[in-house]
Each structure stands twice: as structure tokens, then as C-alpha cells.
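Start at 1 and go down the list; that is how both ligands and their atoms are numbered. Note that these values count all heavy atoms, side chains included, but never hydrogens, waters or copies made by symmetry.
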Amino acid sequence: MENLSALSIPDINCLIKKGDIKVHELLDKAYKTIEQSSLNTFITLLKEESYKKADDIHLRIKNGEDIDILTGIPIAIKDNICIKGHRTTCSSRMLDNYVSPYTATVVERLENKGAIIIGKTNLDEFAMGASTETSFYKPTKNPYKHEYVPGGSSGGSAAAVAGLETVAALGSDTGGSIRQPASFCGVFGLKPTYGRVSRYGLVAFASSLDCIGPITNNVADSAILLETIAGPDSMDSTSIPEDVPRYYDMLTNEINNVTIGIVRGQLMDIIDKDVADVMEDFIKGLKFTGITLKDVTIEGFDICIPVYYIIATSEASSNLARYDGIRYGWIGNTKYDTLNEMYEVRRGVGFGKEVKRRIMLGTFCLRSGYKDQYYDKAIMVREKIRMSFEKALKDVDVLLLPTSPTLPFKIGEKIDDPVSMYLMDLCTVSISLSGLPAMSIPVGYQKGLPVGLQIVGRRLEEGTILKICHFLEKNGLASSNIENL
Ligand code: GLN
């Protein structure tokens with residue numbers, strides 16, 4: 001049987017409606033692929049519940065009920081997004097036994113349309129990382145070459161989509177965690193405008209940066225997922241009150257008067273030749289599409305890594321203070337003489353090395369008398385970076401730049417060198433700091449490994465990004481299928 005997860009959501013929907021496939025078959029195929037896979041993509045499978053939902057959908061179809069485009073579609077959810085009654089581990093020993101008492105808004109919205117959540121995917125502990133190696137449940141592998149990382153922190157979601165273990169997935173992106181694993185696994189990953197999608201039920205890492213978004217095998221699926229999960233939510237005060245366009249209806253095979261701003265001059269010394277070569281080939285291809293191209297420079301790009309790591313670790317140190325081993329988290333069975341001793345053991349053992357490093361860094365940045373030198377200053381520079389992007393996007397519709405400065409690297413290669421791991425985030429964190437939407441699209445391969453590029457749009461203009469990316473996909477310039485490129 002052909003792998004049904006390779007089909008797009010609209011195609012699967014047609015087959016279900018015509019009675020050519022049953023939702024049960026979709027689930028059988030997904031679970032069989034997961035069970036035979038050695039990628040280590042899932043932490044928890046929701047098999048029993050999924051089949052119950054399939055029975056229910058089957059009855060509804062039999063009774064002649066009209067179904068939504070997402071009905072019966074298997075979706076994987078990153079394990080830092082809550083589903084009531086199921087574990088949400090954040091890939092941490094700290095939350096190994098934590099069962100969510102409520103469901104995230106994004107999951108509720110997907111389920112309201114009949115989507116089936118098949119399981120929870122692996123990630124870097126508390127979404128801190130760029131390789132999925134810091135997971136308490138062992139690293140996920142890159143589907144193209146198993147000795148390479150799938151990127152992170154949403155590596156489980158991206159590898160599951162690329163490995164056809166699910167039709168689509170949700171990830172979270174604080175500084176690149178949807179886009180970079182999408183790039184490393186050769187799939188599409190969309191980080192929406194900050195606030196476009198509710199964070200209610202997403203375990204907080206850095207609250208002023210965290211976003212939830214789709215990871216898919218094609219642009220149409222991302223459009224369908226985004227229009228389902230986006231929109232105002234009274235449970236998240238940072239969610240944007242604006243209405244959500246019907247992104248899927250906006251996708252056409254024609255686009256007119258589009259200008260793409262290419263960010264390359266200032267990056268050429270920083271990104272690897274393998275990535276630069278793919279980008280140049282892609283630009284050559286663009287020249288035949290009628291799209292206008294323009295070179296642009298983003299001021300302040302080089303300062304983004306320190307600014308991001310000050311803000312992200314400061315906010316993380318505050319957010320993770322709640323895991324004190326009393327109200328939440330790993331407890332163990334050691335006896336303690338003092339409260340401090342208890343914190344030391346419970347937080348010391350419950351958290352992994354990278355999380356502790358970040359809590360210490362963030363606590364250092366926020367300590368009494370120093371906040372204005374680090375966090376407040378970083379917030380000021382962040383505003384300048386945002387303004388640079390706004391300026392660059394005045395004369396062009398979208399920007400184009402690499403997603404990652406390198407190809408996927410080997411498992412273990414950077415794990416003991418945190419600074420070189422942080423530098424991996426160069427091309428994604430600037431966009432996160434600016435709060436802008438961006439999609440990583442798979443555009444080529446080098447040495448048998450995928451390369452992605454980012455299309456960055458203006459605030460709330462996810463529709464423009466999706467339209468352009470769909471056009472590029474239809475013209476053979478982007479595809480999750482190696483043979484189509
Ligand atoms: N790699 C970045 C970090 O380690 C981004 C993580 C994320 O977006 N969750 O912070």
C-alpha cells in the first residue's frame with residue numbers, strides 16, 4: 001500500500017469523502033510506520049483514543065454527515081503542548097509523570113474539526129536546543145541519514161512528518177524550533193506572527209517569543225492547519241484579536257507583482273558553502289518565474305544571537321522556577337534536612353544539563369542590580385532589530401534567507417560545545433525577536449541531506465508567505481519530495 005501520509009490533506013479528504021479509504025486505514029498505516037521506525041520520533045502514542053475517534057467518524061460518514069477537510073487526518077503534537085488526561089513531558093525527567101489537567105487551544109481547535117491526534121513527539125528538553133539531543137528520552141534521528149540530527153527543538157515532529165509517520169504535526173518555535181528542524185528534515189515549517197496562534201496550553205519557555213505552528217509535507221497543509229489553529233483566544237492575553245483569513249482559499253497557481261528581498265551579502269561569510277550553493281541555485285530558478293528580486297541588508301543582524309540568548313534565558317529562568325519539585329515535577333525519594341537541600345536535589349536531578357545552564361545564565365542576567373545591563377538593554381536592541389526588518393520589508397513583499405547556516409550535523413558533534421550549537425540559530429532568532437512570520441521551505445539537497453530556505457513576511461501576512469511558497473512549490477522550486485526537485 002502506498003504511504004497515505006504522503007498525500008496532502010485535501011487529497012486525503014477527497015478519498016475519505018468518496019469512500020475510497022477509511023480513517024482506520026490512515027491510522028493503521030501511521031501506527032505501523034511509527035512502530036517499524038527507528039527514528040525515535042514519539043514519546044507517547046494515543047492509539048486507543050485515536051481508533052475510538054475513527055469509529056465515531058466512520059459512523060458520521062455512514063449517516064451521510066458532511067465532514068470537515070481535517071476530519072480523520074492524523075496529526076502529531078510536540079510534547080510541550082498539553083492534552084487533558086495525557087502526559088506532557090517536555091522531554092524532561094522533571095515532567096516524566098506529569099499528566100495535563102487541560103487541553104491547549106490549538107489541540108481543541110484541531111479536534112473540533114475532527115483531526116485525530118495520534119501522539120506526542122520528541123523534542124529538546126523544554127524546547128531548548130537545536131538538535132533534539134537534549135531529550136530525556138534519547139535523540140531523534142534524521143530520516144535522511146540516521147547518524148545525523150533532525151534539528152530541534154521540534155525534531156520529533158519534523159522527522160515524523162518527513163518519515164511519513166503522520167500526515168502533519170505541530171511544533172513550537174521560540175528561536176527557530178519549527179523552521180530549523182523542517183529545514184534539516186526536508187519539510188515545510190511555518191512560524192506564525194507572535195500572537196497569531198494562542199499559547200494557551202503550550203509549556204512556557206520564553207513567553208515573549210514562543211509560537212506554535214505547523215510542520216507539513218506541502219504548503220496547502222500548512223495553510224489548512226494555520227487557519228484552524230490561529231485567531232484570538234480569551235485564554236491568552238497576547239493573542240492578536242484580528243480575524244484569520246482563509247489561507248487555503250488564497251492559494252493559487254498565479255502570483256503577480258511579487259518582489260523578494262534577498263538577504264545574502266552580509267551572510268556569505270557566515271553560512272557554509274553547501275548552503276550558499278543551494279541558495280544561489282534557488283535564486284537562479286527564481287529568475288524564470290517573473291518574480292522581481294532585490295538584494296537587501298538587515299542592520300543589526302550580527303547582534304541577534306546574544307540578544308536572543310539574554311532574553312530567552314532570562315524568561316526561561318523565570319518560567320522554570322515553577323518546577324520546584326513540590327507543586328510540579330520530579331520528587332525522587334531522598335530525605336532532606338533543609339528546604340534548600342530539597343530544591344538542590346529535585347531541580348538538580350529533574351533538569352538536564354542544558355536546561356540548568358540556561359536557568360543559570362538567565363538568573364545571572366536578571367540578578368538584582370544587573371537587569372538594566374542585560375535584559376533591559378537586550379529589549380532595547382530587540383526593538384532596533386524589529387525596526388530593521390520593518391524597514392527592509394517596506395519595499396519588498398517577503399525576504400529570503402537561509403534557515404540554517406549549515407547542513408544537518410552528526411549526532412554528538414556539537415552537544416559538548418553549547419556556543420557552536422547556539423550559533424546554529426543565527427538565521428532564525430532575528431525573525432523571532434522581530435515577531436514576524438516565516439516559513440522554511442525545502443529547496444534542495446547536498447551530500448544527501450536536505451537544505452531549507454526561509455521566506456519571511458510582514459506582521460500578520462502569513463497569507464502572502466503561503467501564497468508565494470505555494471507558487472514556488474507548484475513551479476518545482478520547493479518540495480518535500482526529493483524526486484520533484
Ligand atoms: N535553538 C534555539 C534555542 O535553543 C531555539 C529553540 C526554540 O525555538 N524552542 O533556544
| query | In terms of side-chain geometry, is the basic nitrogen of K410 or E413 positioned less than 4.0 Å from the acidic oxygen of its partner? | reply | no
| field | Proximal atoms of ligand 1 relative to Y308 (non-hydrogen, under 4.0 Å) | value | 2 (C), 3 (C), 5 (C), 6 (C), 10 (O)
| query | Do any nitrogen or oxygen atoms of G152 lie less than 3.5 angstrom from nitrogen or oxygen atoms of ligand 1? | reply | no
| Is M421 near ligand 1, meaning one of its heavy atoms is under 4.0 Å from it? | no
| query | Is the ring centre of F409 less than 6.0 Å from the ring centre of Y148? | reply | no
| task | Working to the nearest 0.5 Å, report the span between OG of S183 and CD of Q454. | result | 8.5 Å
| Are a donor atom and an acceptor atom from the side chains of D124 and S153 found within less than 3.5 Å of each other? | no
| Is there any N or O on M128 that sits under 3.5 Å from an N or O of ligand 1? | no
| request: Assess Y422 for proximity to ligand 1: is some non-hydrogen atom of it under 4.0 Å away? | output: no
| A127 neighbourhood, listing ligand 1 atoms whose heavy-atom distance to it stays under 4.0 Å | 6 (C), 7 (C), 9 (N)
| Under 3.5 Å side-chain donor-acceptor pair for D210 and T174 | yes
| query | Under 3.5 Å, N or O to N or O, is G176 touching ligand 1 that way? | reply | yes
| query | Looking at side-chain heavy atoms only, is the closest gap between V451 and L407 below 4.5 Å? | reply | yes
| said: I need the contact type for T174 against ligand 1. Using non-hydrogen atoms and a strict under-4.0 Å cut-off, is it side chain, backbone, both or neither? | reply: both
